[in-house]
Amino acid sequence: MAFTVTVMGLLIFAAAVAANFAGMILTSTILGPKRRNSVKDQPFECGSLPVGPTHTRFHIRFYLTAILFLIFDIEVVFLYPFITILRPELGVTGLWIMGAFLAVLVFGLAYEWRRGGMEWD
Amino acid sequence: MHTALDSLNAAMSAHPLLVQALAAVAKTVFMMTVVMLIGGLILSWVERKQSAIMQDRIGANRAAILGVRAWGLFHNLADAAKGILKEDFIPPDANPFLHTLAPFLAVSTAVVAFAVLPFGGTVHLWGQSVDLTIAPLPIGILFVWAMMGMGVYGVVLAGYVSNNKFSLLGCLRATAQVISYEVATGLTVLGALLFYRSLDFRDMVAWQMGHNLGQVPFLGHLPDLGAVLAHIPAWGVFLQPLGFVLFFTATIVEMTRIPFDLPEGESEIIGYNIEYSGMKFMIFMMSEFVESLLFAWVIVLVFFGGWSLPGLHLGDGVAVLFGHALPYASGVALEAAAMALKIVFFLWFQMLVRWSLPRFRYDQIMHLGWKIMLPLALANLAVTGVLGVLAR
């Protein structure tokens, strides 16, 4: 019963949110004018003419940041259920387990730091 | 003889699921009204007026209905009408579907996160206990983080499909910045969760209402101080002062507002929403305000005791404020007012930060996120964990 009620509430809310914003976008698409011309169709680049293809290569650091994020965020997610049972149930044993887990995380961070993976210039 | 009310009561008592369904619709209407009113209309007015006051200007005050200006309040209605009636421009090389999907994703994921935020405890209707939360999920706070992570897709899509170099740069910056600080956001609340031992916001508020600082491990055992601390409620901000400061900073980065508004630094790259116009552009702006309401709400629930008011105790049908008995209804009203005031305070404080500080450089933001906030959050967690377990 409780689970049904929760899922029902979530679905009703999500449907209302989706309908609301889809409606807002749709209304403006229908009501707004459509007047195109060649200047308006150019990409907006502060008055200068666009040069070269849009989807050029970008710096490898963005890729590195994304990988760092994946590793750390997954570790953080593992910590969530762990922290809720740490104090009464696991106690000192839990501290050792968590310490070993976090040590790997911190070691990875220190290694990344020393190798210059977090340098932005 | 049956009256209409009697038959309604009979029908409601016979169908518990009907009661819950009607309650779900009512809660949805309430939450949508709050989010659209505050996030869509009032916050943009507050932003204009607060910045005007801070910069000794008058601010927007021209829009009027029948000569009534009402301190510029009608500007937001005028903006909404304008957004609907403006041309919805889609660049010729952009994918129309993805271009439209981006603002929709950005805002609707942020709004859906409100489903797990409680706005009160439990009420009893026709023998059914109805939670004043749209979806009382036991994973509460993780659902908020998940929805927040989904919001990044909207920004990435907007920048990527617009076929514009500046919007591509903006979306790369936005993605790198938001995902970097998601780690810090997730880590900084963990210290408080060690005490609450639940991911459900209702349990967090209940724990903060049911404890004082004298009962907290380590703090309560300090000589001489324990008796004084027993008079202070055990709000998350007192348990985790560093955690709160880090979390508040990380949330400002998450909503990409000044001083961390690199994705739309208008004097440099204009932003990922450069090729958007009309209602879609306004929806991107609105998602920013919706996020500031979301984070103000989460901060109040996790760090400031939710609807708890020091000195006020609500029992079974009675309310007691500093030893004086109050009508139950006024106790409930006081709690609602306390919750609303705390949220308003944080909305105001976010605006204050936004109009006080200059924008950081990009390398400074990444440096702050990975080299300062992440180690501090880890150290905070380690110290909290050791003290919390050893000093029981």
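Side chains included, hydrogens not; waters and symmetry mates left out as well; all remaining heavy atoms used. A, B, ... follow the sequence lines: proteins, then strands. Residue 1 opens every chain.
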Looking at [options], which makes the most heavy-atom pairs under 4.5 Å with chain B?
options	answer
F72(A), Y80(A), F82(A), F3(A)	Y80(A)
L105(A), D41(A), T4(A), L90(A)	D41(A)
E75(A), K40(A), K34(A)	K40(A)
L86(A), T84(A), L31(A), L68(A)	T84(A)

Between [X] and chain B, with a heavy-atom cut-off of 4.5 Å, which part of the residue counts as in contact: side chain, backbone, both or neither?
X	value
I12(A)	both
L79(A)	both
F62(A)	side chain

Neighbour count >12 (heavy atoms, 6.0 Å) for atom CE, M150(B):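 Check fails, neighbour count at 12 or below.
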F78(A) atom CZ, neighbour heavy-atom count above 12 within 6.0 Å: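 Not more than 12 within 6.0 Å, no.
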Residues from residues 106-115 of chain A approaching chain B under 4.5 Å (heavy atoms): V106(A), L109(A), W113(A)
Is it the side chain or the backbone of [X] that comes within 4.5 Å of chain A heavy atoms, both, or neither?
X	value
E182(B)	both
F89(B)	side chain
L381(B)	side chain
A21(B)	both
S198(B)	backbone
P91(B)	backbone
M286(B)	side chain
V189(B)	side chain
I283(B)	side chain

At their closest point, which heavy atom of [X] faces which heavy atom of [Y], and how far apart are they?
X	Y	result
L17(B)	M8(A)	O-CE, 4.4 Å
T65(A)	A176(B)	CG2-O, 4.1 Å
G9(A)	I134(B)	O-CG2, 3.4 Å
I179(B)	A66(A)	CD1-CA, 3.8 Å
T28(B)	A16(A)	CG2-CB, 3.5 Å

Distance flag, aromatic centroids of W370(B) and F69(A), threshold under 6.0 Å: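 Aromatic pair excluded; centres sit 6.0 Å or further apart.
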To the nearest 0.5 Å, tell me how far [X] [atom1] sits from [Y] [atom2].
X	Y	atom1	atom2	value
D73(A)	S180(B)	CG	OG	10.5 Å
M366(B)	R61(A)	CE	CZ	10.5 Å
L168(B)	F58(A)	CG	CZ	6.5 Å
I83(A)	F195(B)	CD1	CZ	9.5 Å
T133(B)	L10(A)	OG1	CG	12.0 Å

Contact check, side chains of P33(A) and K86(B), non-hydrogen atoms, under 4.5 Å: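 P33(A) vs K86(B): side chains apart.
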Any K27(B) side-chain heavy atom under 4.5 Å of F13(A) side chain: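 Result no, sub-4.5 Å side-chain heavy-atom pair not found.
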Counting only pairs under 3.5 Å, give me each side-chain donor-acceptor contact of residues 18-29 of chain A, with atom names and distances, residues two or more places apart or in other chains.
from   : atom 1 : to     : atom 2 : distance (Å)
T27(A) : OG1    : G23(A) : O      : 2.3
S28(A) : OG     : I25(A) : O      : 3.1
T29(A) : OG1    : I25(A) : O      : 2.8
T29(A) : OG1    : D88(B) : OD2    : 3.2

Full working for side chain to side chain contact (heavy atoms under 4.5 Å, CB included) between M118(A) and K371(B): CA-CA 8 Å; M118(A) 290 182 260; K371(B) 295 188 179 174; 3.8 Å; yes
Full working for side chain to side chain contact (heavy atoms under 4.5 Å, CB included) between F114(B) and V17(A): CA-CA 11 Å; F114(B) 282 86; V17(A) 170; over 6 Å; no
